[in-house]
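Residue numbers start from 1 in every chain, and the chains themselves are labelled A, B, ... in the order their sequence lines are given, proteins ahead of strands.
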Amino acid sequence: MLCIKLSKENLLRAYRLLRKRFGFQHWWPAKTKDEMLIGAILTQNTSWRNVEKAIEGLRQKNMLSLKVIAGSSLASIQSSIRPSGFYRQKAKRLKQFSSYIVANYSSIGNFFKQSKEPRKELLGIGGIGNETADSMLLYAGNIPVFVIDAYTKRILGRVFGIGSEKMSYEEVQNLVMGLLPRDAGLFNDFHAQLVELAKRYCKKNPSCGECPLSNVCSYHAEKK
DNA sequence: AACCAGGAGAGAG
DNA sequence: CTCTCTCATGGT
């Protein structure tokens, strides 16, 4: 079977192709850090389209703020975020998270300045798993961690012909971060490009013909 | 009309 | 540690 080697050179080549096609992504799509953090929780196993509706619901009530959420009732949070699904859990998670940050650090900026082990601390809050924590670290804290999600696994699996779908979160993360320079700007835009690629071409029925990676993709090579 | 979406946690084995 | 279930709405 034809297989593109997973190497630093090929990863960066893929990134350049994506960026050339899609342009710099300017992620995360949020106006403030608080909004980014809230979006990270809302998007858990949920399409971004639905998350946008929930964010708009919060915006209309002036609730896109950790301090406001920390002081709001569960019922009022729930009613704002219903379109994003899992709204009972997510309301609880938003309030828990917000209360923790506000009570211990006052603001997310202080959290990133003062926390000695921010990743570990985020994971300890509850309702914050690997992907959500890493998204927060990278996109709100500008800390160089590569975010792994379902898209990243699917694309790495197809392009490089590796069984990344079965690999654990940390295995894939260590693999990618071991190959790339530790650059928050690169990790930021690279992950955003992968999401863009997945949304457009790398679905269950891939449209490889127009995929910017078709020339360097094992999956595509195998089909011809 | 089934199937999926930028996950996480609890429980079972 | 690895599976399986649950949480829930909205688009295709």
Side-chain angles (χ1 to χ4, degrees), chain A residues 14-15 18 22 25-30 33 35-58 60 74-100 119-141 143 145-159 163-174 176-177 184 187-207 211 213:
Chain A
Y15 172 64
L18 291 168
F22 300 141
Q25 292 294 302
H26 304 285
W27 258 39
W28 182 288
K33 289 184 181 180
E35 181 179 333
M36 183 276 140
L37 301 165
I38 291 164
I41 290 174
L42 290 176
T43 199
Q44 289 170 354
N45 198 41
T46 302
S47 64
W48 185 253
R49 175 187 294 285
N50 286 348
V51 175
E52 285 179 315
K53 295 175 185 170
I55 288 179
E56 276 318 298
L58 290 170
Q60 283 178 11
L74 280 177
S76 110
I77 302 171
Q78 284 178 14
S79 70
S80 306
I81 67 170
R82 184 160 294 123
S84 76
F86 306 113
Y87 62 90
R88 295 185 195 88
Q89 301 189 7
K90 285 177 180 174
K92 195 188 305 175
R93 289 177 184 181
L94 283 173
K95 184 161 181 178
Q96 259 187 273
F97 173 76
S98 302
S99 302
Y100 179 88
R119 187 174 202 277
K120 207 171 160 188
E121 197 167 345
L122 288 174
L123 290 174
I125 295 175
I128 312 291
N130 288 318
E131 186 188 334
T132 309
D134 285 341
S135 294
M136 291 173 166
L137 293 170
L138 179 61
Y139 290 108
I143 294 170
V145 290
F146 201 100
V147 178
I148 305 300
D149 61 7
Y151 289 162
T152 310
K153 287 190 177 184
R154 186 191 307 165
I155 292 168
L156 289 181
R158 286 192 184 164
V159 173
S164 54
E165 315 244 6
K166 300 177 207 160
M167 295 169 68
S168 73
Y169 187 94
E170 289 171 353
E171 277 178 307
V172 180
Q173 187 176 52
N174 289 334
V176 175
M177 290 183 64
F187 293 170
N188 176 324
D189 197 53
F190 202 160
H191 181 255
Q193 299 287 356
L194 292 178
V195 172
E196 189 61 27
L197 174 70
K199 284 182 175 171
R200 298 205 202 187
Y201 304 108
C202 208
K203 304 192 170 184
K204 293 190 80 179
N205 271 326
S207 48
C211 172
L213 298 187

Where the side chain of [X] meets the backbone of [Y], is there a donor-acceptor pair that is under 3.5 Å apart?
| X | Y | result |
| --- | --- | --- |
| A/Y139 | A/W27 | no |
| A/T43 | A/W48 | no |
| A/K90 | A/I81 | no |
| A/R154 | A/C202 | yes |

For this session: Going 5' to 3' through nucleotides 7-12 of chain C, assign each nucleotide B (protein heavy atom under 4.0 Å from a base atom), S (under 4.0 Å only from sugar-phosphate atoms) or - (no protein heavy atom that close).
Result: BBBSS-
Exercise. What are the two closest non-hydrogen atoms of A/A91 and A/Q78, and how far apart are they?
Worked result: CB-CG, 3.5 Å
Whole-Å gap separating [atom2] ([N]) and [atom1] ([X]):
| X | N | atom1 | atom2 | answer |
| --- | --- | --- | --- | --- |
| A/K92 | C/dT6 | NZ | P | 17 Å |
| A/E170 | C/dT2 | CD | C1' | 15 Å |
| A/I41 | B/dA8 | CD1 | C1' | 11 Å |
| A/I148 | B/dA8 | CD1 | P | 12 Å |
| A/M136 | B/dA8 | CE | C1' | 12 Å |
| A/F97 | B/dG9 | CZ | P | 13 Å |

Problem set entry | A/A14: side-chain contact (heavy atoms from CB on, under 4.5 Å) partners, not counting sequence neighbours | A/L213
Problem set entry | 5′-ward residue of the pair A/I125/A/K199 relative to DNA chain B | A/K199
Exercise. Starting at the 5' end of DNA chain B and moving along, which residue's nearest nucleotide shows up first, A/P29 or A/L123?
Worked result: A/P29
For this session: For A/I128, report the nucleic acid contact type (base, sugar-phosphate, nothing); a contact means any heavy atom under 4.0 Å.
Result: sugar-phosphate
